Amino acid sequence: MAGMFMHRVIQLAGSSCTHGLQKKKRMPEAMMQPPVTLMIMIYNQARFITDAVQSAFSQTYDGPLEILLSDDASTDGTTEILQSLVAQYDGPFRVRLNVNRRNLGLMAHFNKVFALASHDFVVCGAGDDISRNDRVAHLARIQAETGAWLLYSRTEFMNSAGKMLPDPGIATTFATDWTLPDVARSNALFIGAGSAYQKDVLRSFGPIIEKHAFEDLVLGFRAALCGRIAYCDEPLVQYRLGEGLSRAGRTSFQERTQALTVWIAVLRQRLTDAKGFGLAFGDPIMETLRDTLSQAEFALVDHLKAGAIAQRA
């Protein structure tokens, strides 16, 4: 039936947060269409950016929608393509283009764009992925119904040429019957390409200060602490495998180095957030975070030592 979709609220029983999701009374239709910012973070994605932006322009949302395009000082012609697309747009939505004068890097860019967003509910996109034209409409309705701080949807997968791929079966923690210690030690909470956030997830904890972290692994943990997560069982995003900021031109050694560096940054940020949330030093979640961080730091040291030995050989 048109307009119907499946979603579920994920709320952890026993969460120490006093602001968990509550069942809301039925709201008027107008309130089910809150103001939304659809932000697309972009860097050196000239091959894919037109499809990504056109999928944003093609949204069918009837409520107020801001499309915020942000280029982190691309050097491959992406900026010029964006400027042309924005100049040609004559649709119903407000479109804003931000171009950074210098490259900020992933987390500083994310913090900046999130702050630039005019509306409290922010749907996230990347310059190499494609949003289904009803993505914003689905997620906005769920957010209005649930008050979730994190919403994410099912994701479809494609290769760099845009060919659809079978689901690779990526194991994610939020797809299981999880506990908070499970979340604390997990480096795969959900597929971040399908995410959307209420700005409270940053207001309540502050910006992400670990510059090497990935935002989905940080904000997913924050939302889990407060039991404010909802999932839409619709494939609202086509996610391009093998692309993105973390993969370009790296050797296997460099990829492993980066993966461990990111993971250490995520765990440090989670520890900061857990302390700010009020968890005691001896809380099982804090102990899990400290133990996992120690293991990751030792793993990075061993990895770098092995690389140094291999270079001398």
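The model shown is predicted, which means the values in this text are computed figures rather than measured ones.
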Hey, does [Y] have a side-chain heavy atom less than 4.5 Å from the side chain of [X]?
X: Trp149; Y: Leu219; value: no
X: Ile191; Y: Thr172; value: yes
X: Arg141; Y: Leu139; value: no
X: Ser70; Y: His109; value: yes
X: Val36; Y: Val123; value: yes

Looking only at non-hydrogen atoms, find the nearest pair between [X] and [Y] and report the distance.
X: Ala265; Y: Glu210; answer: O-CG, 3.4 Å
X: Phe190; Y: Asp216; answer: CE2-O, 3.5 Å
X: Ala296; Y: Leu267; answer: CB-CD1, 4.2 Å
X: Leu300; Y: Leu260; answer: CA-CD1, 3.7 Å
X: Gly192; Y: Ser195; answer: O-OG, 2.8 Å
X: Tyr43; Y: Ala73; answer: CE1-O, 3.6 Å

Return the orientation label for the [X] and [Y] ring planes: parallel under 30°, perpendicular over 60°, tilted otherwise.
X: Tyr197; Y: Phe110; result: perpendicular
X: Phe277; Y: Phe205; result: parallel
X: Tyr89; Y: Phe93; result: parallel

Between [Y] and [X], is there a side-chain donor-acceptor contact under 3.5 Å, judged purely by atom types and distance?
X: Ser84; Y: Gln88; value: yes
X: Thr37; Y: Glu66; value: yes
X: Arg96; Y: Ser118; value: yes
X: Thr173; Y: Asp182; value: no

Please round to the nearest 0.5 Å and tell me the distance separating atom [atom1] of [X] and atom [atom2] of [Y].
X: Glu156; Y: Ile130; atom1: CD; atom2: CD1; result: 10.5 Å
X: Gln54; Y: Ile49; atom1: CD; atom2: CD1; result: 10.5 Å
X: Glu297; Y: Thr292; atom1: CD; atom2: OG1; result: 11.0 Å
X: Asp134; Y: Glu234; atom1: CG; atom2: CD; result: 7.0 Å
X: Phe121; Y: Asp200; atom1: CZ; atom2: CG; result: 12.0 Å
X: Arg135; Y: Ser153; atom1: CZ; atom2: OG; result: 6.0 Å

Output yes when a side-chain donor or acceptor of [X] lies under 3.5 Å from a complementary backbone atom of [Y], and no otherwise.
X: His212; Y: Gln258; answer: no
X: Arg228; Y: Gly147; answer: yes
X: Arg240; Y: Ser160; answer: yes
X: Asp128; Y: Phe48; answer: no
X: Gln59; Y: Arg132; answer: yes
X: Gln143; Y: Ala148; answer: yes
X: Lys199; Y: Ala117; answer: yes
X: Asp72; Y: Gly105; answer: yes
X: Asn111; Y: Ile208; answer: yes
X: Arg270; Y: Leu217; answer: yes

Derivation and outcome, side chain to side chain donor-acceptor pair (under 3.5 Å), residues Asp71 and Thr79: CA-CA 7 Å; Asp71 177 20; Thr79 306; 2.3 Å; yes
Salt-bridge contact Asp120-Arg203 (side-chain N to carboxylate O under 4.0 Å):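 Answer for the salt bridge query: yes.
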Asp233 with Arg154: basic N within carboxylate O range, under 4.0 Å: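 Between Arg154 and Asp233 there is a salt bridge, with a charged N closer than 4.0 Å to a carboxylate O.
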Verdict with supporting geometry, Gln198 and Leu151, side chain to side chain contact (heavy atoms under 4.5 Å, CB included): CA-CA 9 Å; Gln198 180 72 9; Leu151 291 83; over 6 Å; no
More than 12 heavy atoms from other groups under 6.0 Å of CZ on Arg290: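 Count over threshold, so yes.
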Tell me whether [X] shares a hydrophobic cluster with [Y], the cluster being built from Ile, Leu, Val, Met, Phe, Trp, Tyr side chains joined at under 4.5 Å.
X: Leu293; Y: Val301; value: no
X: Tyr61; Y: Phe57; value: yes
X: Trp178; Y: Leu150; value: yes
X: Met158; Y: Ile42; value: no
X: Leu104; Y: Phe214; value: no

Among Thr288, Asp283, Leu289, the one residue meeting side-chain contact (heavy atoms from CB on, under 4.5 Å) with Pro181: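 The option that passes is Thr288.
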Verdict with reasoning, Met286 to Lys275, per side chain to side chain contact (heavy atoms under 4.5 Å, CB included): CA-CA 8 Å; Met286 297 291 285; Lys275 292 175 186 175; 3.4 Å; yes
Phe221 vs Ile285, side chain to side chain contact (heavy atoms under 4.5 Å, CB included): CA-CA, chis, key distance, verdict: CA-CA 11 Å; Phe221 175 72; Ile285 299 167; 4.2 Å; yes
Ile170 vs Phe157, side chain to side chain contact (heavy atoms under 4.5 Å, CB included): CA-CA, chis, key distance, verdict: CA-CA 11 Å; Ile170 300 172; Phe157 300 87; 4.1 Å; yes
